[in-house]
Structures are given as C-alpha cells and as structure tokens.
Amino acid sequence: MTHITVDSATAAMFSSVNGAVEIRDPEGNLMGVYRPALSSDVAAAIASCPFTEEELRRREENKTGRPLKDILEDLRAM
C-alpha cells in the first residue's frame with residue numbers, strides 16, 4: 001500500500017475527526033475518503049458478539065420468517 005506522510009497541522013486536523021472525511025483538491029474535486037483507524041479497544045468491542053453460544057444456538061433453531069425468494073416475489077408483484 002502506498003502511504004503519504006502529512007505535516008503536523010494536517011495530522012492534527014485528521015486526528016480531530018470521528019468518522020469518514022472527504023479529501024478534496026483546491027478546485028473541490030473529490031480525491032478520496034479518509035477513515036480514522038480504530039483503537040484496539042473500539043475494534044474489540046465491535047468485533048465481540050453480545051450473544052452467548054447458547055443464545056446463538058437457540059436463535060438458529062427458531063426457524064421463523066419467510067424465505068427471501070418469497071419476499072422478493074411479493075415485492076415485485078406490488
């Protein structure tokens with residue numbers, strides 16, 4: 001992957017954002033999108049599953065709802 005090193009002022013601007021930021025050139029053309037890296041504790045919280053193995057098994061056994069094929073057919077018929 002190619003990387004770009006920015007000066008301290010630009011780094012400070014990027015470190016102050018909480019979400020995706022569009023990067024534009026002086027004419028306003030979109031050059032790309034910057035997404036800040038997640039801290040390890042935030043990444044772990046996102047990756048962790050809030051359900052126990054028992055709850056996941058119970059949900060897997062509870063077969064309710066309709067097949068996606070049927071739902072799509074109904075939507076097309078509308």
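If you read the sequence from its start, that first residue is 1, and numbering goes on from there.
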- Apart from Met13 itself, what residues make up its hydrophobic cluster, given side-chain heavy atom links below 4.5 Å? none
- How far does CD of Glu54 sit from CZ of Arg58, to the nearest 0.5 angstrom? 9.0 Å
- Distance col, row Glu60:CD vs Glu55:CD, nearest 0.5 angstrom, shows 12.0 Å
- Sequence-distant partners of Thr5, side-chain contact (heavy atoms from CB on, under 4.5 Å), two or more places apart: His3
- Note on the structure: Heavy atoms of Gly19 and Pro36 approach each other most closely as O-CD, 3.4 Å
- Message: Assigning hydrophobic clusters by single linkage (Ile, Leu, Val, Met, Phe, Trp, Tyr; side-chain heavy-atom cutoff under 4.5 Å), is Val17 placed with Ile23?
- Response: yes
- Set of salt bridge (charged side-chain N to carboxylate O under 4.0 Å, His left out) partners for Arg57, sequence neighbours left out: none
- Residue pairs involving residues 7-31 (criterion ring pair (Phe, Tyr, Trp, His ring centres under 6.0 Å); sequence neighbours excluded): Phe14-Tyr34
- Message: According to side chain to side chain donor-acceptor pair (under 3.5 Å), who are the partners of Arg35, at least two apart in sequence or on a separate chain?
- Response: none
- Look only at the side chain of Thr10 and the backbone of Val6, and say whether a donor-acceptor pair between them is shorter than 3.5 Å. no
- Message: By the ring pair (Phe, Tyr, Trp, His ring centres under 6.0 Å) test, which pairs, at least two apart or in different chains, include something from residues 46-78?
- Response: none
- Query: Are Cys49 and Leu56 side-chain neighbours, meaning at least one heavy-atom pair lies under 4.5 Å?
  - Reply: yes
- Message: Restricting to side chain to side chain donor-acceptor pair (under 3.5 Å), what partner residues turn up for Asn18, sequence neighbours left out?
- Response: none
- Message: Using a 4.5 Å cut-off between side-chain heavy atoms of Ile, Leu, Val, Met, Phe, Trp and Tyr, which other residues end up in the same hydrophobic cluster as Met1?
- Response: none
- Query: Taking only residues two or more places apart in sequence or in another chain, which ones pass side chain to side chain donor-acceptor pair (under 3.5 Å) with Asn62?
  - Reply: none
- Item | Interatomic distance, Asp25 atom CG to Met31 atom CE [nearest 0.5 angstrom] | 6.0 Å
- Who are the salt bridge (charged side-chain N to carboxylate O under 4.0 Å, His left out) partners of Asp70, not counting sequence neighbours? none
- Query: What pairs with Glu22 under salt bridge (charged side-chain N to carboxylate O under 4.0 Å, His left out), at least two apart in sequence or on another chain?
  - Reply: Arg24
- Residues in salt bridge (charged side-chain N to carboxylate O under 4.0 Å, His left out) contact with Arg76, at least two apart in sequence or another chain: none
